[in-house]
Number of protein chains: 2
Amino acid sequence: MNRSMNIGEAAKISGVNAKLIRHYESIGIIPKALRTDSGYRIYSESDVNTLAFVRRARGLGFSMKEIKKLVSLWRNRSRTSHEVKTIALAHVGEMERKISELQEMVKTLKHLAKNCHGDQRPECPILDNLGKPE
Amino acid sequence: MNRSMNIGEAAKISGVNAKLIRHYESIGIIPKALRTDSGYRIYSESDVNTLAFVRRARGLGFSMKEIKKLVSLWRNRSRTSHEVKTIALAHVGEMERKISELQEMVKTLKHLAKNCHGDQRPECPILDNLGKPE
DNA sequence: TTGGACCTTCCCATCATTGGAAGGTCAAGC
DNA sequence: GCTTGACCTTCCAATGATGGGAAGGTCCAA
């Protein structure tokens, strides 16, 4: 129990590669790791949990700034679920905005592509549209 | 007609700011502009058309690499509409993939948020999920 | 003791864009 | 003619998240 490990092992278990672990430390997402006498970083199981937390938050598309806040809330017993939910819903809103934007682009481009023969001839409504929209 | 203008005017008309015009020149999206004796860049109406083309392509989410190719096809009379359509549809596919990814994240996060009280209490299924997915 | 697999820090690249600094040019008003 | 301010020039750096690699130190097993 309570075993400690070096960065390679922590990477394997947490699913966050070593390069990224160092990076997360450097930008303050996770606290500075303890070191052996020779300078190797040491990780506890708790540290690995934090890393996996970060990985999963990334998987939901949260920014590093948001993740930093989420980690601190996670670690803070006097947090309120309201704070967490606010961040989550703001992120949902941002993603939904992005989805709409992409859908709009897809719609336009599909329409143009539908009218493009896609053969050996040079005529192309896609280029026409980009070249002169009027 | 056939008036020529400096970068500021070209920026206004094309809708691409001056900083970005210089950048596009530096990365080869547009050819190097002619210069006055004193070194100011000179743009023709045709150049401005190219800049607006780039701006609209950006608006459809194309990458600079793709836009470089599209500009060259636009300028090339012996292009085939097939080439253009291929690029466009590949881009549509990429955007649809991205949309699915975002939708999946939104779905997960909305589900977690729905079960989160969002009040003064610390209990929070969002943090629980990020902390231990098992 | 040697080798290889690990670790360290540091710098650079990506992508598209923006910002600023330091300095040159132009045109209008005095 | 000179000043002023708006424009232009180049160069360097930052963004956000990550990856790649170099140069060098450490650990462990044969």
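Convention: sequence-line order gives letters A, B, ...; per-chain numbering from 1.
Looking at every heavy atom in both residues, A:Arg79 comes nearest to B:Pro122 through NE-O, 2.8 Å.
Spacing between atom CD1 of A:Ile29 and atom P of D:dT18 amounts to 9 Å, rounded to whole angstrom units. Separating the NZ atom of B:Lys68 from the P atom of C:dA16 is a distance of 11 Å, rounded to the nearest angstrom. Per the geometry, CE belonging to A:Met64 stands 15 Å off C1' belonging to D:dT15, to the nearest Å. Between the CZ atom of A:Phe62 and the P atom of D:dG16 there is a distance of 17 Å, rounded to whole Å. Atoms CG (A:Asn6) and C1' (C:dA5) sit 11 Å apart, rounded to a whole Å. For the pair B:Ile21 CD1 and D:dT10 P, the interatomic distance rounds to 13 Å; values are reported in whole Å. Following rounding to the nearest Å, B:Tyr40 (OH) and C:dT25 (C1') show an atom-to-atom distance of 4 Å. Between A:Glu94 atom CD and D:dG16 atom C1' the separation is 14 Å, expressed in whole Å.
Contact check, B:Tyr24 against C:dT17: a side-chain N or O comes under 4.0 Å of OP1 or OP2. Phosphate contact (OP1/OP2 of C:dT9, side-chain N/O of A:Arg41, threshold under 4.0 Å): present. Of the side-chain N and O atoms in A:Arg58, one or more sit less than 4.0 angstrom from OP1 or OP2 of D:dT18. Phosphate contact (OP1/OP2 of C:dC26, side-chain N/O of B:Ser38, threshold under 4.0 Å): present. OP1 or OP2 of C:dT18 sits under 4.0 Å from a side-chain N or O of B:Asn17.
A donor-acceptor pair under 3.5 Å links the side-chain atoms of B:Asn6 to the main chain of B:Glu9, judged by distance alone.
With hydrogens and angles left out, the side chain of A:Lys65 and the base of D:dG16 share no donor-acceptor pair within 3.5 Å.
Across all strands, A:Thr36 comes closer than 4.0 Å to no nucleic acid atom at all (heavy-atom distances). A:Ile27 comes within 4.0 angstrom of nothing in the nucleic acid, heavy atoms only.
Counted by atom type alone, B:Ser81 and A:Asp119 present one or more donor-acceptor pairs between their side chains at under 3.5 Å. Using modelled atom types and a 3.5 Å distance limit, the side chains of B:Thr50 and B:Asp47 yield no donor-acceptor pair. B:Gln103 and B:Ser100 form no side-chain donor-acceptor contact under 3.5 Å, judged by distance and modelled atom types alone.
Set against D:dG20, C:dC7, D:dC8, the side chain of A:Lys19 has D:dG20 as its closest nucleotide. Nearest nucleotide to the side chain of A:His23, out of D:dA17, D:dC8, C:dC7: D:dA17.
Mapping A:Ile7 and B:Asp37 onto DNA chain C by nearest heavy atom places A:Ile7 closer to the 5' end of the strand.
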